[in-house]
**Student:** 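Sharing a structure, written as structure tokens. Questions coming.
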Amino acid sequence: MRFRPLRSGSTPIAHPAPSSDPSVEVPATMRATAMTAAGEPSTLQTIDVPTPSPVLSEVLVRVVAAGVNPIDAKTRRGAGVSGAIATLPGVLGFDFSGIVVRAPYEAHPFPPGTPVYGMASFPRTGGSYAEYVVAPTLSVARKPASLSHVEAAGVPLAALTAWGLVVETAHAHEGQRILIHAGSGGVGHFAVQLAAYFGAHVTATSSGRNAAWLRELGAATVVDYTTTRFDEVIDEVDVVIDLIGNVHDDTGTRSLSVLRPGGLYVLVPTGSWPGFAEAAASAGVRSTSYKVIPDGGALATIGRLLDSGSIQVYIDQVVDLDDAARAHALIEEGHTRGKVVLRVSDD
């Protein structure tokens with residue numbers, strides 16, 4: 001038996017791109033904003049630190065913009081993931097959008113020059129509040145073409161958290177009733193959109209100023225927590241996605257009473273309510289906590305939804321890297337709509 005060749009002899013062979021761009025010089029040191037001690041936002045200082053070097057399957061990315069998340073502020077205060085920071089000063093930040101400058105091999109899916117967005121392995125490595133960041137290949141995806149780097153930097157952690165909550169944990173579907181607390185925040189505004197996209201009937205809690213906007217994003221009902229107690233006006237929901245916990249007005253405890261028997265309660269800030277699992281079991285409902293998974297495959301899917309206009313990211317404020325302390329103060333005020341992003345460098 002004769003085998004037909006996979007490629008005719010006259011077809012030119014495509015050679016892989018180089019794994020680094022020789023025209024791009026990577027400096028030995030870089031500008032970064034680091035946590036110099038646990039405490040107030042003023043402990044964030046812009047300093048020069050060694051530029052990280054990628055190993056194994058990591059890529060080195062020149063950061064254009066970095067997202068700011070509540071976990072960053074918690075870590076700066078000495079909570080969050082601060083216990084895993086080996087030495088201070090420590091460069092904070094998970095989210096980034098930028099340009100690949102070093103790839104691990106020539107035929108890598110993200111060769112040098114590729115616009116990407118994703119999550120750094122902070123605190124195991126330095127974070128994204130810096131001119132360069134290393135990230136595992138599996139935590140990165142191509143930047144959505146319709147988004148600027150500033151917009152893209154506001155997506156990864158928040159949207160991946162929302163994806164994990166709504167799609168992988170709640171299994172959102174037509175006719176399902178989902179209550180989402182803090183619907184106007186970074187994770188919340190993605191969760192509202194994703195739940196509505198998959199057909200669920202979405203109720204969100206937020207302040208009244210965000211009610212019309214949340215309805216535009218897909219919420220069927222918005223409860224203004226400043227004037228109305230949600231547990232007095234809704235009940236028999238299938239899933240509660242709690243982005244607050246018991247740190248404010250016993251939101252977690254009250255949420256159990258609005259679930260149908262056997263419904264699902266999902267708590268994100270687990271430190272806010274250590275006894276949630278026992279309380280949920282006593283109330284006759286299921287429960288789980290959740291931690292974000294930096295999945296580049298899911299991030300690529302989210303990117304397609306963003307490019308198609310099925311979902312959107314809202315950037316509340318853009319702050320220069322040197323002014324990261326102000327970004328943290330904004331996050332801690334708790335009234336931002338969508339995301340706060342640090343501008344690190346030019347495109």
Side-chain angles (χ1 to χ4, degrees), residues 67 69 95 97 117-119 139 141-148 151-206 210-223 230 234 236-244 255 258-260 263-268 288 290-316 336-339 341:
N69 294 288
D95 289 343
S97 183
Y117 71 151
M119 288 181 61
S139 300
R142 288 180 180 266
K143 180 183 75 66
S146 62
L147 268 58
S148 68
E151 292 168 324
V155 174
L157 186 147
L160 284 171
T161 301
W163 181 270
L165 293 168
V166 171
V167 180
E168 297 175 351
T169 305
H171 304 295
H173 57 268
E174 192 78 31
Q176 188 182 38
R177 300 183 65 196
I178 299 180
L179 169 61
I180 300 171
H181 289 307
S184 60
V187 175
H189 87 294
F190 281 119
V192 167
Q193 293 177 82
L194 288 170
Y197 177 82
F198 285 100
H201 179 283
V202 181
T203 298
T205 62
S206 78
N210 291 314
W213 176 63
L214 284 171
R215 290 190 185 97
E216 291 176 4
L217 296 184
T221 305
V222 180
V223 178
F230 68 86
I234 57 175
E236 293 293 301
V237 298
D238 299 294
V239 180
V240 173
I241 294 175
D242 188 357
L243 300 167
I244 299 174
S255 294
V258 306
L259 279 161
R260 64 167 175 78
L264 177 64
Y265 172 78
V266 188
L267 178 64
V268 180
T288 183
Y290 182 79
K291 297 291 186 295
V292 65
I293 300 173
D295 181 350
L299 195 56
T301 299
I302 290 166
R304 290 191 288 273
L305 291 173
L306 288 161
D307 275 339
S308 70
S310 299
I311 63 172
Q312 60 182 278
V313 57
Y314 185 89
I315 306 300
D316 192 311
T336 55
R337 174 187 286 186
K339 294 301 298 292
V341 172

**Student:** Does the pair L305 and W163 meet the rule for a side chain to side chain contact (heavy atoms under 4.5 Å, CB included), with working shown?
**Tutor:** CA-CA 12 Å; L305 291 173; W163 181 270; 4.0 Å; yes
**Student:** If you look at every heavy atom in Q176 and A170, which pair is closest and at what distance?
**Tutor:**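 Looking at all heavy atoms of both residues, the shortest contact is NE2-O, 3.1 Å.
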**Student:** Nearest 0.5 Å, please: how far is CG in L217 from CD1 in I311?
**Tutor:** 10.5 Å
**Student:** Indicate yes or no for a side-chain donor-acceptor contact from E151 to the backbone of V313 under 3.5 Å, with no hydrogens or angles considered.
**Tutor:** no
**Student:** Between L194 and A159, what is the shortest heavy-atom contact and its length?
**Tutor:** CD1-O, 4.4 Å
**Student:** Give the minimum heavy-atom separation between V266 and Y290, together with the two atoms involved.
**Tutor:** CG1-CB, 4.2 Å
**Student:** Ignoring hydrogens and geometry, is there a side-chain-to-backbone donor-acceptor pair from D95 to G154 under 3.5 Å?
**Tutor:**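 Answer holds: no.
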**Student:** Going by heavy atoms in the side chains, are S184 and Y314 under 4.5 Å from each other?
**Tutor:** no
**Student:** Take Q312 and Q193, measure what side chain to side chain contact (heavy atoms under 4.5 Å, CB included) needs, and give me the verdict at the end.
**Tutor:** CA-CA 8 Å; Q312 60 182 278; Q193 293 177 82; 3.4 Å; yes
**Student:** For the residue pair T169 and L264, establish whether any side-chain heavy-atom pair is separated by less than 4.5 Å.
**Tutor:** yes
**Student:** Are L165 and V187 close enough that some pair of their side-chain heavy atoms sits under 4.5 Å apart?
**Tutor:**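 When only atoms from C-beta onward are counted, V187 and L165 do touch, with a gap below 4.5 Å.
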**Student:** Output the distance between atom OG1 (T221) and atom CG (L214), rounded to the nearest 0.5 Å.
**Tutor:**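 Those atoms lie 11.5 Å apart.
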**Student:** Could you tell me whether the side chain of M119 reaches within less than 4.5 Å of the side chain of V292, counting heavy atoms only?
**Tutor:**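 Side-chain contact under 4.5 Å: yes.
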**Student:** Which heavy-atom pair separates H171 from H173 by the least distance, and what is that distance?
**Tutor:**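 Closest heavy-atom pair between H171 and H173: O-ND1, 2.8 Å.
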**Student:** Give the minimum heavy-atom separation between V341 and A153, together with the two atoms involved.
**Tutor:** CG1-CB, 4.0 Å
**Student:** In the structure I gave you, are the side-chain heavy atoms of V155 and F190 within less than 4.5 Å of one another anywhere?
**Tutor:** yes
**Student:** Identify, with sequence neighbours excluded, every residue that meets salt bridge (Lys or Arg N to Asp or Glu O under 4.0 Å) alongside R260.
**Tutor:**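 Expected list: D238.
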**Student:** Between R177 and E236, is any pair of side-chain heavy atoms under 4.5 Å apart?
**Tutor:** yes
**Student:** What closest approach, in Å, do L306 and S146 show between heavy atoms, and which atom pair accounts for it?
**Tutor:**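 Between these two residues, the closest heavy atoms are O-OG, 3.8 Å.
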**Student:** Between side-chain atoms of residues 195-205 and protein atoms elsewhere (two or more places apart, or another chain), which donor-acceptor pairs fall under 3.5 Å?
**Tutor:**
from, atom 1, to, atom 2, distance (Å)
T205, OG1, H181, ND1, 3.1
T205, OG1, A182, N, 3.2

**Student:** Is it the case that the side chain of D242 and the backbone of L267 share a donor-acceptor pair, with hydrogens and angles ignored and the cut-off at 3.5 Å?
**Tutor:** no
